[in-house]
Amino acid sequence: MATLINNTYSVDEAAAAQPLTDEQLDVLRRSGFVTLPSIAPRSEVIRIDATIKDLLDRKVGFKEGSRHDIVDPEDGPGSDQLTELVWTHHYAPQLHKTAYFRNALAIARQVLGPDAAFAFDHAIYKPAFHGAETPWHQDEAYQSDANRGRQQIAIWMPTTDATIDNGCMRYIPLSQTRGVLPHRPFNDDPRVHGLQCIGDFDPSDAVYCPLPPGGAVIHTARTLHSAGANLTPNPRLAYILVFSTPPRLNVAPLAFEWLQGRDETTARRRQQWLRRGGVVIELLRRARRGRHQARGSFVRRVARALRRLG
Ligand SMILES: O=C(O)CCC(=O)C(=O)O
């Protein structure tokens, strides 16, 4: 039975934004990632956890391709190896009326500059006992716009304990200095959504970042990272906010060959949903987002969405 979620977040929980210290900023710039002991009040994290688990229980976003399994080629409604819900706040807008969101935005502006804005959010769930490993990757490897680049950071907050045994984040220090390494779809299966880095790196160099609920780790778009399997009796859930600078024209186009000719199960589902009327919902969402972003980028994104509909 669906749980009734209290989805109001009280103002007294709005902890003042804690900027990064000079030392934390320095660690992020040098190593490509930095951990924070706390980014949101505990009571708020409990409500975020309940809100997202309710969305996952109800399987929202499946038809529109926002919910998928990162490593399962079949990616059916029952897939539960490594579940991702992208654009999480579309289904629970209160997730952005949080101290977590405010603190994360303030940190993003400190790191990327005053033009930095929210880019997207996602939640990643590793079920108890068999949650799959998150493949090694750099976030920029998913960037499909060859002509435009942007600076980006992801702020990863677990709403449950994140431990070595249940799949906390792990990073290869300094990997952000190596450019975008070669990737391929996970297990070289074009139907799979998740990408896997096949560049030259040594996973034994990984630094593990266990965190309590409400702690956070920040990484750049080129920091090589992954997360282990969940072998424990409890699920692991993280809610991730991604921020970026406005896009700039690339001097030379950066087209990643691993994004060509893909036949993702999720993308096919999304195309069907758009064709069956989802395009109207999508345009409204983009218009709402566009109010907070540069006009040019909104128009370009709508044009791209329409082109993809063919
Ligand atoms: O939560 C996970 O398992 C992986 C998260 C991740 O890869 C990311 O936030 O970029």
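Counting starts at 1 for both ligands and their atoms, in listed order.
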Which of the atoms of ligand 1 are close to K126, meaning less than 4.0 Å from one of its heavy atoms? 3 (O)
Residue A227 vicinity, atoms of ligand 1 by number, heavy atom under 4.0 Å: 3 (O)
Side-chain heavy atoms nearer than 4.5 Å, only ILVMFWY residues, links allowed to pass through others: does that put L20 and F243 together? yes
What is the closest protein heavy atom to atom 7 (O) of ligand 1, and at what distance does it sit? H137 CE1, 2.9 Å
Under 4.0 Å from a heavy atom of I124: give me the atoms of ligand 1 that qualify, with their elements. 1 (O), 2 (C), 3 (O), 4 (C), 5 (C)
Among the clusters formed by ILVMFWY side chains lying less than 4.5 Å apart, do V27 and V111 turn up in the same one? yes
Do side-chain atoms of E44 reach the backbone of Y100 as a donor and acceptor pair under 3.5 angstrom? yes
Evaluate the ring planes of H122 and F120, with Trp represented by its six-membered ring, and classify them as parallel (under 30°), tilted (30 to 60°) or perpendicular (over 60°). tilted
Verify whether the ring centers belonging to H89 and F101 lie closer than 6.0 Å. no
Considering non-hydrogen atoms of the protein only, which is the closest contact for atom 1 (O) of ligand 1, and what is the distance? R236 NH2, 2.8 Å
Please work out whether any backbone atom (N, CA, C, O) or any side-chain heavy atom from C-beta onward of D139 is under 4.0 Å from ligand 1, and answer side chain, backbone, both or neither. side chain
Starting from atom 9 (O) of ligand 1, which protein heavy atom do you reach first, and at what distance in Å? W156 CD1, 3.6 Å
Evaluate the side-chain proximity of E282 to R270: yes if any heavy-atom separation is below 4.5 Å, no if none is. yes
Find all atoms of ligand 1 within a distance of less than 4.0 Å from any non-hydrogen atom belonging to M169, and give their numbers and elements. 4 (C), 5 (C), 6 (C)
Which of the atoms in ligand 1, numbered in the order shown and given with their element, are less than 4.0 Å from a heavy-atom of H219? 8 (C), 9 (O), 10 (O)
H225 versus W156: any side-chain heavy-atom pair under 4.5 Å? no
Check: H193 ring centroid to Y142 ring centroid under 6.0 Å: yes
Of all the atoms in ligand 1, which lie at a distance below 4.0 Å from a heavy atom belonging to T134? 2 (C), 3 (O), 4 (C)
Among protein heavy atoms, which sits nearest to atom 6 (C) of ligand 1, and what does the distance come to when rounded to 0.1 Å? H225 NE2, 3.6 Å
